[in-house]
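Note sheet for the following structure.
In this chain, residues are counted from 1 in sequence order.
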Amino acid sequence: MHINTQGLVLRETNYKDGDKILTVLTSTEGKRTVKARGCRRKNSPLAASAQLLVYSEMSLFAYRDRWSMNEANTLEEFRGLRADMALLALASYCAETLDAVAREGEETSGLLPLILNTLYALDKLHKPQPLVKAVYELKLLALSGYAPLLDACAVCGAPEPAAPALHLVEGVLHCAACGKALGSPSLPLRDGALAAMRHVLYGDPKRLFSFRLGEAGMAQMSRACEAFLRTQLERSFHTLDFYKGLLQPPIIPNQGES
């Protein structure tokens with residue numbers, strides 16, 4: 001079988017002398033494992049399209065459930081991300097989490113537009129990294145069947161809960177007073193964080209990043225979305241650890257220390 005499709009490389013692994021095994025999220029075939037023959041050789045026409053986070057028009061050939069890339073034309077390389085280590089680490093985290101939730105050969109509507117819009121927001125729009133990260137995590141979970149219920153308190157039904165919080169295990173909103181009925185763990189969603197998360201879940205997907213949030217609300221939303229993702233997926237991500245390590249301020253020794 002031969003198909004033409006668009007795809008973004010989520011993962012790359014060197015194979016043999018000049019090949020790579022790629023994990024590609026395609027627009028028509030879902031996630032696919034694809035061999036790019038000879039892409040590491042000098043002057044290979046597949047070299048650019050066989051790189052992490054490159055979006056390309058691809059010609060793929062399937063034989064006995066194995067896919068190979070015959071031709072490719074690069075559409076977007078997101079070069080700005082590659083010039084900044086923190087941006088590249090964050091984009092790699094997005095790719096790793098998407099790879100974790102997407103299933104081989106199973107189409108999930110919205111995943112490819114989500115990560116492309118996320119990379120564009122980081123590379124071209126220069127949106128705040130904590131905001132982009134939180135929006136991506138929340139929308140990724142929603143598209144993958146893990147959407148939290150944020151329309152009202154899950155216990156008393158109040159549409160605007162007093163001191164709202166997100167229960168990380170149950171994935172529901174609750175008032176501070178109703179939290180005892182659910183138990184821990186929960187994280188607060190005040191200072192605009194709840195309104196922002198509702199925008200992501202229930203608003204126009206074309207305006208996913210079109211809102212502003214103060215530092216306090218952004219910090220709460222960032223903590224809640226990351227914790228909710230890690231709780232629901234029950235795993236950690238090495239790219240996230242690396243990204244956080246890059247954000248830590250350098251340790252400056254006290255004067256007089258040797």
Out of curiosity, [X] [atom1] to [Y] [atom2], how far, rounded to the nearest 0.5 Å?
X      : Y      : atom1 : atom2 : answer
Leu168 : Leu229 : CG    : CG    : 11.0 Å
Leu119 : Glu76  : CG    : CD    : 9.0 Å
Leu240 : Thr97  : CG    : OG1   : 9.0 Å
Met221 : Phe228 : CE    : CZ    : 12.5 Å
Asn73  : Tyr55  : CG    : OH    : 11.5 Å
Leu52  : Leu10  : CG    : CG    : 8.0 Å

Got [X] and [Y] here, is their nearest side-chain heavy-atom distance under 4.5 Å?
X      : Y      : result
Cys156 : Cys175 : yes
Tyr136 : Asn117 : no
Leu53  : Leu88  : yes
Pro164 : Arg190 : yes
Phe211 : Val200 : yes
Leu87  : Phe78  : no
Glu104 : Arg32  : yes
Asn4   : Ser59  : yes

Hey, does the side chain of [X] reach the backbone of [Y] with a donor-acceptor pair shorter than 3.5 angstrom?
X      : Y      : value
Ser222 : Met218 : no
His167 : Gly183 : yes
Glu137 : Glu226 : yes
Tyr243 : Tyr93  : no
Asp19  : Gly38  : yes
Ser144 : Leu140 : yes
Lys20  : Ala50  : yes
Arg11  : Ala95  : no
Lys31  : Asp99  : yes
Tyr202 : Leu150 : yes

Pairing residues for Asp191 by the side chain to side chain donor-acceptor pair (under 3.5 Å) criterion, not counting sequence neighbours
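If we apply the side chain to side chain donor-acceptor pair (under 3.5 Å) test to Asp191, skipping adjacent residues, the hits are Gln220.
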Any residue meeting side chain to side chain donor-acceptor pair (under 3.5 Å) with Thr231, in chain and number order, not counting sequence neighbours:
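Partners of Thr231 by the side chain to side chain donor-acceptor pair (under 3.5 Å) criterion come out as none, since no residue qualifies.
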Atom [atom1] of residue position [X] - does it have more than 12 heavy atoms of other residues, nucleotides or ligands inside 6.0 Å?
X      : atom1 : result
Asp204 : CG    : yes
Phe237 : CZ    : yes
Phe209 : CZ    : yes
Lys16  : NZ    : no
Arg37  : CZ    : no
Glu71  : CD    : no

Determine, using the 4.5 Å side-chain heavy-atom cutoff (strictly less than), whether [X] and [Y] are members of one ILVMFWY cluster.
X      : Y      : answer
Leu111 : Leu22  : no
Leu116 : Leu90  : yes
Tyr120 : Leu131 : no
Leu187 : Leu201 : yes
Met1   : Tyr63  : no

Nearest heavy-atom pair of [X] and [Y]: which atoms, and what distance?
X      : Y      : value
Ala86  : Gln129 : CB-OE1, 4.2 Å
Ala48  : Thr74  : CB-OG1, 3.6 Å
Thr118 : Cys94  : CG2-SG, 4.0 Å
Met58  : Gly7   : CE-O, 3.6 Å
Ala224 : Leu189 : CB-CD2, 3.7 Å
Cys225 : Met197 : SG-CE, 4.0 Å

Going by atom types alone, do Thr5 and Thr28 pair a side-chain donor with an acceptor below 3.5 Å?
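Thr5 vs Thr28: donor-acceptor pair found between side chains.
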Glu96/Arg235 under salt bridge (Lys or Arg N to Asp or Glu O under 4.0 Å): CA gap, chis, key distance, verdict
CA-CA 12 Å; Glu96 185 183 11; Arg235 57 164 292 180; 3.4 Å; yes
